[in-house]
Amino acid sequence: MKYEPIAIEEKWQKKWEQDKSFKVTKDPHKKKYYLLEMFPYPSGKIHIGHVRNYTIGDVVARYKRMRGFNVLHPMGWDSFGMPAENAAIEHKIHPAKWTYENISHMRKQLKRMGFSYDWDREIATCDPKYYRWEQLFFIWMYEKGLAYKKRSSVNFCTKCDTVLANEQVEGGLCWRCGTEVTEKVLDQWFFKITAYINELLEYCDKLPGWPERVMTMQKNWIGKSYGCEVDFPMANGKGAIKVFTTRQDTLFGATFMLIAAEHPLVMELAKGKPCESNVRSFVEKVKKQDKLMRTSEYYEKEGLFLDSYCKNPLTGREMPIYAANFVLADYGTGCVMAVPTHDQRDFEFAKKFNLPLIVVISPKDRTLDPATMTEAYVDEGILVNSGQFDGMENTKVLEAIADFLESQGKGRRTIQYRLRDWGISRQRYWGAPIPMINCDKCGIVPVKEEDLPVVLPENVVFSPEGGSPLAALPEFVNTVCPSCGGKASRETDTMDTFVESSWYFDRYCCPDYDEKPGLDRRTLDYWMPVDQYIGGIEHAILHLLYSRFYTKVLRDFGVIGVDEPFTNLLTQGMVCKETMKCPEHGYLFPEQATDGKCHICRKDVIIGKTEKMSKSLKNVIDPDDLIQRYGADTARIFCLFASPPEKDLEWSSQGVDGSFRFLSRLWRIIDDYLEDIKTVSAPPKEALSAQGDLKALRRKTHQTIRKVTMDIEDRFHFNTAISAVMELVNTLYAVERPAKNDRNALAVIREALESAVLLLAPIVPHITEELWQIMGNQISVAEMPWPDFDPAIASEEEMTIVIQINGKLRSRMTVPVDEDGEKIKADAQADEKIVAMLKDATIVKVIYVPKKLVNIVIKP
RNA sequence: GCGAGAGUGGCGGAAUUGGCAGACGCACUGGACUUAGGAUCCAGCCCGCCCAAGCGGUUAGGGGUUCAAGUCCCCUCUCUCGCACCA
């Protein structure tokens, strides 16, 4: 019988579906395990990255199930977002239709991969039954001041025609389409993520199951820094400029003041002065420059004197005030004290405008001369020119100066963060409506809870010019004020889709719960938190930080009982493949480059570097093709075998062949033995005393169970787990075939074959179900307990001891495992080869590393 | 520039705690079976000298600690990722 993957896979998938094999319910008597993979955006088809991500997750889910856990393994759709709307504009198809069609196709594809989801828990975030609760939470957040509206300058992508959060701007470009981000002033809704900033930061050290890398990225993103807010009084006696600094140790060296060009204070100071019009054009210029600035490597430091002065609060020295292009308006106070001697940016600025330099930190080994300095001195040193603080170390004086400022009322300790509040307003249609109403009389009023959900209307008009289609729909906009009953208008912004993905894992616990607040606390207390979350590193900041924040908000509403949503996080690597390029015709698909020549011009094809699979590089693999040719099991095992999950995976079609060959090899050896082993059962644990080859096979079987269990349990290293089973299969091929009536020997064979099948069951579920069944087992392999190993059988009776002289391998010997250490040392020195080499040498010492080696240290 | 991670055969990768470097797979070579082989099975396969046995070398490069280093420490180089005027 031949291995026919397609027929087998479809057979078992049908059975799993009919039996609802992976349906799960709360069971207080069983230990729960919540395994979650990041849900996909329904873009149309699954790609190979999904295949890898979901395969990793499925192996863990199936493994934990075999280990007796009550496993929650759900799947759903992150189904709001721009591509649906773009499709509406381009192809005149409604976003809802487009989305649901994509979902139904992708659901089929996922089922065809054999993933063990509880499909009864499937959710789509664009379903009003889902987002109505999100609208409820929004109202609660509004009532608690955690959601607020603010007129603000925002990042705006002209192509997507929408606002972007800071986190969604990458190097000055839109994270999604790569268009340059511009600035726009709009009324925007924000979530007050900064209210939880300290808890978000503190828990970074309380999540040992997260990769260090991700935690570091989040910490940097939050960007907490300790410093002082210092008041610099205006020279004309009218008010003071507040400044944030982490370097109050350099305060005595501050010789001028810098203000962000966009800061309102700039125009205030220039008002009515001769420089006013110059300042205005400078500010306009900087505002335009701002977009371009971020994309260039280094930009010229520019500034303009505002014809104003303030005073250094400690020295009383007059400091000229400049507007500058390199000062950030939204960090600290938007004003910076400039210390040109100890800050490189200030140094460059001072040189350009010929401003005074005062050294206040002196290195220990030399003296600095302001006249000859070519760059700022930014290292540690001793304070000079700093009044009563002279002679102190700069790192130690920070506290003393902070105390002094506070005692004088000239400043106070403060903490600054890089993280801003989360702007969630989007001027788009395909998103969850923000449940707010604007009333001329009452202002902003929330929709009444009983009137939720605010359902997204279907009959909207899309135009390529953008703008919100909702705002153009009077029957949606026009409403009555819930408070006074007068005429009012609805909020037409929709929520950032990251809001939906911030709590979908909660909803999976009770997807049909339709009582307020949409989450059943008792059920969530059983399932939450997610024990293992798996997804791409690209979500290290955005999605994961927002989800952590939202979890804390819901916790404080009493809706859930956990502080953090994800106990363990695995970030899998990208799927990459080599690229092929013709010097004339650009990137080529593999089939366009036969024999290394371009299919059009026959020029030699250049094999490019290995890059993340993408359509434009023509190096993608279509999962459908893969399944058609090899079946889902081969796709699954290759994804796991080619590299450990957290590393990038380099696609190799020959590697896929190899994986298919292995499955065929497994199939064939069981098929070969089938008649002989049908009526024997696996050997009882101790009873059987096999000899020679068979004894070695039994040992190998138990060692393999041990290794595979450890590789999966401790570190998710499926690649080494698979190679261990390959070794077992190789051993089986090498064993001399026992006679048909040698039931003891056949029992050992059967044990090895069954173990291989059980160990591979989470990885390649279809072929193992089939093999398990044809071997005569009644119960589905997915329901079998994970095999145990017997340490006694797994342990070797003999061991190879390496003999080294001065650390170099010189000989080997085989001894019983329980051999005495002293005897081994003596035997090593008596070894034939060793004796010859020790002839004229003095033995300095002999080291025995138990079960490993003997090292003889000699002098010639 | 700052931070993190990585660098091992022709290739993907293994070596879990400082203890035989190169498991497993791919590619390649040879053999068997065969009308045939892009099927299957068996064998070989880090590099150099050598028919061989054997000897020497080898984990980006250099130095160090140690009886012993791919693994620990220091320096240099290369690559990847993240942040990047954050005062």
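The figures here come from the full heavy-atom set of this structure, side chains too, leaving out hydrogens, waters and symmetry mates. All of these numbers come straight from a predicted model, not from anything done at the bench. Naming convention: chains lettered A, B, ... in sequence-line order (proteins, then strands); numbering from 1 in each chain.
At the heavy-atom level, A:D714 lies nowhere under 4.0 Å from the strands shown. As judged by a 4.0 angstrom heavy-atom cut-off over every strand, A:G658 is placed among residues touching the sugar-phosphate backbone only. Nucleic acid contact class of A:K707 (heavy atoms, under 4.0 Å, all strands): base. Residue contacts for A:Q804: at a heavy-atom cut-off of 4.0 Å it reaches a base atom on one of the strands shown. Within the nucleic acid shown, A:T245 comes within 4.0 Å of sugar-phosphate atoms alone, with no base atom in reach, counting heavy atoms only. Residue A:V846 is classed as having no contact, given no heavy-atom separation below 4.0 Å to the nucleic acid.
Ion pairing of A:K577 with A:E650 is absent here, as no side-chain N (NZ or NE/NH1/NH2) approaches a carboxylate O to less than 4.0 Å.
B:A27 and B:C45: their C1' atoms are spaced 11 Å apart (whole Å). Taking atom C1' on both nucleotides, B:U65 is separated from B:C73 by 7 Å, rounded to a whole Å. Using atom C1' as the reference point in both B:A21 and B:C47, the two lie 14 Å apart (nearest Å). Nucleotides B:A43 and B:C26 place their P atoms 14 Å apart, quoted to the nearest Å. With C1' as the reference atom, B:G9 and B:C24 are 15 Å apart, rounded to whole Å. Going from the P atom of B:G54 to that of B:G10 covers 24 Å, rounded to whole Å. B:C55 and B:A4 are spaced 45 Å apart, taking the P atom of each and rounding to whole Å. Annotation: B:G61 and B:U66 have their P atoms spaced 23 Å apart (nearest Å).
One finds a side-chain N or O of A:K808 lying less than 4.0 angstrom from the OP1 or OP2 phosphate oxygen of B:G57. For the OP1/OP2 pair of B:C41 and a distance below 4.0 Å, the side-chain nitrogens and oxygens of A:R665 include at least one atom meeting the criterion. For B:G1, the OP1/OP2 oxygens have no side-chain nitrogen or oxygen of A:R345 closer than 4.0 Å. Side-chain N/O atoms of A:R810 include one lying less than 4.0 angstrom from OP1 or OP2 on B:G56. Checking the phosphate oxygens (OP1, OP2) of B:C26, a side-chain nitrogen or oxygen of A:R661 falls inside 4.0 Å. Taking side-chain N and O atoms only, A:Y417 has no distance below 4.0 Å to OP1 or OP2 of B:C86. Within the structure, every side-chain polar atom (N or O) of A:Y733 is placed at least 4.0 Å from both OP1 and OP2 of B:C42. Within the structure, every side-chain polar atom (N or O) of A:R715 is placed at least 4.0 Å from both OP1 and OP2 of B:A14. For the OP1/OP2 pair of B:A23 and a distance below 4.0 Å, the side-chain nitrogens and oxygens of A:N719 include no atom meeting the criterion. OP1 and OP2 of B:G3 both lie 4.0 Å or more from every side-chain N or O belonging to A:R213.
Rounding to whole angstrom units, CH2 of residue A:W651 and C1' of B:A27 are separated by 18 Å. Computed from coordinates, the A:H717 NE2 to B:A14 P distance equals 7 Å when rounded to whole Å. Atom CG in A:N855 sits roughly 6 Å away from atom C1' in B:A68 (whole-Å rounding). Rounding to whole angstrom units, CD of residue A:Q703 and P of B:U16 are separated by 16 Å. Atom CD1 of A:I824 and atom C1' of B:C20 are 15 Å apart (whole Å). Separating the NZ atom of A:K577 from the P atom of B:G12 is a distance of 15 Å, rounded to the nearest angstrom.
Mapping A:Q416 and A:E650 onto RNA chain B by nearest heavy atom places A:E650 at the nucleotide closer to the 5' end. The residue among A:M726 and A:I856 whose nearest nucleotide of RNA chain B is located toward the 5' end is A:M726.
In this structure, A:F638 has its ring center at least 6.0 angstrom away from the ring center of A:Y630.
Residue A:M710 places its side chain closer to B:U16 than to any other of B:U16, B:C83, B:C24. Listed nucleotides B:A14, B:G12, B:A87 differ in distance to A:K647; the shortest reach to its side chain belongs to B:A14. In the set B:A87, B:G25, B:G13, B:G13 carries the atom at the smallest distance from any side-chain atom of A:S643. Residue A:N730 has its side chain nearest to B:C24 when only B:C86, B:C24, B:C67 are considered. Of the candidates B:G82, B:C24, B:C67, the closest approach to any side-chain atom of A:M217 belongs to B:G82. Listed nucleotides B:A15, B:A87, B:C20 differ in distance to A:V802; the shortest reach to its side chain belongs to B:C20. Considering only the side chain of A:F641, B:G12 comes nearest among B:C41, B:G12, B:C20. Checking B:G82, B:A87, B:G3 against the side-chain heavy atoms of A:T216 singles out B:G3 as nearest.
Panel note: side chain A:S643, backbone A:D648; a donor-acceptor pair is recorded below 3.5 Å.
When only modelled atom types and interatomic distance are considered, A:E796 and A:Q703 share a side-chain donor-acceptor pair under 3.5 Å.
Around CD of A:E713, the count of heavy atoms belonging to other residues, nucleotides or ligands within 6.0 Å exceeds 12.
Classification of the A:W422-A:Y546 ring pair by plane angle, with boundaries at 30° and 60°, yields parallel. Relative orientation of the A:H543 and A:H539 rings is perpendicular, given thresholds of 30° and 60° on the angle between their planes. Using a 30° and 60° split on the angle between ring planes, A:F349 and A:Y322 fall in the perpendicular class, above 60°.
Of all the heavy atoms in A:L201 and A:K224, the pair that sits closest is CD2-CD, 3.3 Å. Among all heavy-atom pairs drawn from A:A756 and A:L666, the shortest one is CB-CD1, 4.1 Å.
Not a single donor-acceptor contact under 3.5 angstrom links the side-chain atoms of A:K852 to the base of B:U17.
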Please assess A:F662 against A:F641 for the test ring pair (Phe, Tyr, Trp, His ring centres under 6.0 Å), listing each intermediate value before the final yes or no.
-> CA-CA 11 Å; A:F662 168 66; A:F641 182 63; 8.1 Å; no

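In RNA chain B, runs of at least 3 stacked Watson-Crick or G-U pairs (N1-N3 plus N6-O4 or O6-N4, or N1-O2 plus O6-N3, all under 3.5 Å) give these stems: B:1-7 with B:77-83, B:10-12 with B:24-26, B:28-32 with B:40-44, B:46-49 with B:54-57, B:60-64 with B:72-76.
With a glycosidic angle no more than 90° from 0, B:G9 adopts the syn conformation.
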